[in-house]
Number of protein chains: 2
Amino acid sequence: MADRGTAQQPTSGESLLFLTDDQLRRGIEAMFFAYRGFTADPDRILAEKEYGRAHHRAIHFINRSPGTNVNTLLAILGVTKQSLNRVLRTLIEDGLVEARVGKRDRRERHLYLTDAGVELERELSDAQRARMRAAYRAAGPEAVAGFRLVLEQMMDPELLRHYREGGEGQT
Amino acid sequence: MADRGTAQQPTSGESLLFLTDDQLRRGIEAMFFAYRGFTADPDRILAEKEYGRAHHRAIHFINRSPGTNVNTLLAILGVTKQSLNRVLRTLIEDGLVEARVGKRDRRERHLYLTDAGVELERELSDAQRARMRAAYRAAGPEAVAGFRLVLEQMMDPELLRHYREGGEGQT
DNA sequence: ATTTTTATGTCAGCCTTGTTGACTTTCCAA
DNA sequence: TTGGAAAGTCAACAAGGCTGACATAAAAAT
């Protein structure tokens with residue numbers, strides 16, 4: 001209802017054909033299908049190990065920011081503490097994650113991957129990166145820049161912050 | 001383990017900096033965060049109406065290809081028939097989807113949205129398109145082309161087929 | 001004409017991962 | 001010293017995946 005309907009003509013000289021409902025629909029489907037491919041490889045590995053996608057996400061972000069506390073992780077993952085806690089507990093029990101009591105604020109738990117955790121993270125992200133790398137290589141650097149730009153625009157602004165802050169990569 | 005590790009230098013003249021592990025990790029996180037934004041608006045609408053994301057997906061693809069049969073939908077959505085059936089049954093009970101017995105092959109059910117179904121589809125896709133349109137507009141046509149190209153490369157080839165066949169848009 | 005295969009639906013039961021609500025423990029800070 | 005934030009726990013529940021088994025109708029093959 002925030003829309004001007006389906007019939008759209010090119011307006012100014014810029015040609016806004018890429019904003020037609022049909023083009024948008026194709027983008028939406030591309031997101032849907034691509035996300036499936038994006039998660040397929042890690043999912044296969046996780047299934048063998050009695051873990052799920054939620055474990056992967058926790059492991060990923062603990063690996064990216066070692067020593068992060070539970071609250072921060074909660075905000076990044078966008079789930080409830082009860083939901084995260086269940087996942088975290090199994091990872092700690094299985095010796096993949098270590099929760100150290102905070103020094104300054106002893107209520108906080110700082111999360112770290114153990115050696116075994118690092119190893120699983122490696123296995124999962126190697127698989128995911130392999131597919132990503134193949135896609136990047138096939139599409140080329142200019143396409144990748146556009147890909148990243150559009151995705152950033154689709155994010156919740158709050159998450160965009162976490163995204164930009166995460167890691168020390170030279171963009 | 002299909003990787004050459006983190007330390008990567010620019011090789012040929014082409015500069016393969018966009019293929020570093022760090023760049024790939026940022027792409028992976030971009031996918032994760034953006035997918036959340038991508039589904040946030042429809043999810044909000046669906047929650048009010050006692051439906052979930054699975055209903056949205058079914059409605060979307062029935063709307064895109066009216067008269068499609070259950071098997072095709074199964075292949076596109078990548079779920080089991082039991083899972084789809086549960087969703088489909090509620091949609092039919094609620095009068096959003098109609099299942100007509102096939103004329104040539106009377107085993108098949110051809111699926112159509114009713115007027116009420118079309119209306120919900122509109123509401124959901126308007127919300128989703130609005131965000132997509134804002135992202136497209138902010139990123140610009142060249143970025144959108146790259147976005148689509150990378151996503152296509154990430155898809156399962158089997159799904160890529162469905163993706164390309166779907167709809168009659170002039171790409 | 002009979003058998004087999006295909007398309008679909010359905011029942012039962014399981015798992016993961018999300019939710020809300022209530023409650024406790026710890027401990028920083030006003 | 002007391003209020004409240006951070007963290008953890010327990011219980012109950014729902015959505016939406018999954019497998020397996022089975023039923024029915026109709027098409028296709030023999």
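As the structure is a computational prediction, the values presented were derived from the model and not from experiment. Residue numbers start from 1 in every chain, and the chains themselves are labelled A, B, ... in the order their sequence lines are given, proteins ahead of strands.
Here the straight-line distance linking atom CG of B:L124 with atom CD of B:E119 works out to 11.0 Å at 0.5 Å rounding. Taking CZ of A:R36 as the start and CD of B:E158 as the end, the distance is 10.5 Å to the nearest 0.5 Å. Within the model, atoms OH of B:Y35 and OH of A:Y35 stand 7.0 Å from one another, a figure rounded to the nearest 0.5 Å.
For the pair B:Q153/A:Y136, no side-chain contact is recorded, criterion being any heavy-atom separation below 4.5 Å from C-beta on. Contact annotation: the side chain of B:Y51 never approaches that of B:I59 to less than 4.5 Å [non-hydrogen atoms, C-beta and beyond].
Put simply, CG on B:L91 is 13 Å from P on D:dA15, counting in whole angstrom units. Atom OH in B:Y51 sits roughly 20 Å away from atom C1' in C:dT19 (whole-Å rounding). A:N85 places its CG atom 14 Å from the P atom of D:dA11, with the value rounded to the nearest Å. Protein atom CD of A:Q82 is 16 Å distant from nucleotide atom P of D:dC13, rounded to whole Å. As a whole-Å value, the separation of A:D43 CG from C:dC15 C1' is 14 Å. Between B:H55 atom NE2 and D:dG17 atom C1' the separation is 13 Å, expressed in whole Å. Taking atom NZ of residue B:K49 and atom P of nucleotide D:dA15, one finds them 16 Å apart after rounding to whole Å. Rounding to whole angstrom units, CG of residue A:L46 and P of C:dC15 are separated by 18 Å.
Residues B:L74 and A:T80 both approach DNA chain C. Their nearest nucleotides, taken by heavy-atom distance, put B:L74 toward the 5′ side. Between B:H110 and A:G78, the residue anchored closer to the 5' end of DNA chain C is B:H110, taking for each the nucleotide with the nearest heavy atom.
When the nucleotides D:dG17, C:dT17, C:dT8 are ranked by their closest atom to the side chain of A:S83, C:dT17 comes out on top. Candidate nucleotides D:dG16, C:dG9, C:dC11 were compared by shortest atom distance to the side chain of B:R89, and C:dC11 ranks first. The side chain of A:R109 has D:dA7 as its nearest neighbour among C:dT8, D:dA7, D:dT9. Residue B:A54 places its side chain closer to D:dG16 than to any other of D:dG16, D:dT9, C:dT8.
Remark: B:R25 engages B:E29 in a salt bridge, criterion side-chain N to carboxylate O under 4.0 Å.
Applying the side-chain contact (heavy atoms from CB on, under 4.5 Å) criterion to B:A116, with sequence neighbours excluded, gives B:L96, B:T114.
Between B:N71 and C:dT8 there is a side-chain polar atom (N or O) within less than 4.0 angstrom of OP1 or OP2. OP1 or OP2 of C:dT16 has not a single side-chain nitrogen or oxygen of A:R57 nearer than 4.0 Å.
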Using a 4.0 Å heavy-atom cut-off to protein, can you give one letter per nucleotide of nucleotides 25-30 of chain C, 5' to 3': B if the base is in contact, S if only the sugar-phosphate is, - if neither?
-BSS--

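For C:dG18, its base sits under 3.5 Å from the side chain of A:R86 at one donor and acceptor pair at least.
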